[in-house]
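Inspection log for the structure reproduced underneath, given as structure tokens.
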Amino acid sequence: MSSDYPSGEQLCAAIDGFLRDRVLPAIDDPSLQYGLRVCLHSLGIVQRQLAQGEAVTACERDGLQRLLGNTEEQALRTLRRSLCALIARGEVDIGDRRLLWALQDIAAAKLAVDNPKYRPVPVSGNNNNA
């Protein structure tokens, strides 16, 4: 990228503002209004991914590393596959509260980006998302 300004978040905010404030009120066709609202919702997800994506990835990586007992830096894809393999071999009990808590924390972080109004119901004993 040749410049740090405007940022991706700022560009998305400008596009959102124009579409929401200028274009949407000018559209009379309900199906086009709906389509534009879907686009605006999707643009909001992109904005949140730009703002929070690295933190969500770090949350997932940290949670999986703790769960798997890994101390070395590994790719997220590798950690996911390792957990899946352990579960498939029966080496991780899918009823283990630590697994449920870790997966709930990961899902909550992702949902905060996709649907920030969603409030997860914590698994008993997991106070991270209360």
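Computed from a prediction, not measured in an experiment: that's the story for all the values here.
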Nearest-0.5 Å distance, [atom1] of residue [X] to [atom2] of residue [Y]:
| X | Y | atom1 | atom2 | result |
| --- | --- | --- | --- | --- |
| Q104 | L99 | CD | CG | 11.5 Å |
| I106 | W101 | CD1 | CH2 | 14.5 Å |
| Q49 | C12 | CD | SG | 9.5 Å |
| Q33 | R37 | CD | CZ | 6.0 Å |
| Q52 | Q47 | CD | CD | 11.0 Å |

Where do [X] and [Y] come nearest, in terms of heavy atoms and distance?
| X | Y | result |
| --- | --- | --- |
| A109 | C59 | CB-SG, 3.9 Å |
| A51 | E9 | CB-OE1, 3.4 Å |
| L100 | G95 | CD1-O, 4.0 Å |

- Query: How about D29: does its CG atom have over 12 heavy atoms from other parts shown lying under 6.0 Å from it?
  - Reply: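 Yes, the 6.0 Å shell around CG holds more than 12 heavy atoms from other groups.
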Members sharing [X]'s hydrophobic cluster (side chains within less than 4.5 Å):
| X | value |
| --- | --- |
| L40 | I15, F18, L19, V23, L24, I27, L32, L36, L43 |
| V56 | V113 |
| Y34 | V38 |

According to side-chain contact (heavy atoms from CB on, under 4.5 Å), who are the partners of [X], at least two apart in sequence or on a separate chain?
| X | answer |
| --- | --- |
| R98 | L67, D96 |
| Q74 | N70, E72, T78, L79 |
| L111 | Y118 |
| R89 | A85, L86, E91 |

| query | Are L103 and I87 connected, step by step, through hydrophobic side chains (Ile, Leu, Val, Met, Phe, Trp, Tyr) whose heavy atoms are closer than 4.5 Å? | reply |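 As far as the 4.5 Å side-chain criterion goes, I87 and L103 are connected within one cluster.
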- Which residues pass the side chain to side chain donor-acceptor pair (under 3.5 Å) test with Q10, sequence neighbours left out?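 If we apply the side chain to side chain donor-acceptor pair (under 3.5 Å) test to Q10, skipping adjacent residues, the hits are S7.
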Requested in this report: Keeping to residues at least two apart or across chains, list the salt bridge (charged side-chain N to carboxylate O under 4.0 Å, His left out) pairs with something in residues 112-122.
Outcome: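 Non-adjacent pairs meeting salt bridge (charged side-chain N to carboxylate O under 4.0 Å, His left out): zero.
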Less than 4.5 Å apart, any side-chain heavy atom of D62 and any of Q65?
->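 Yes; the side chains approach each other to less than 4.5 Å.
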Check salt bridge (Lys or Arg N to Asp or Glu O under 4.0 Å) between [X] and all other residues, then give those that pass, not counting sequence neighbours.
| X | result |
| --- | --- |
| R20 | D16 |
| R81 | none |
| E73 | R61 |

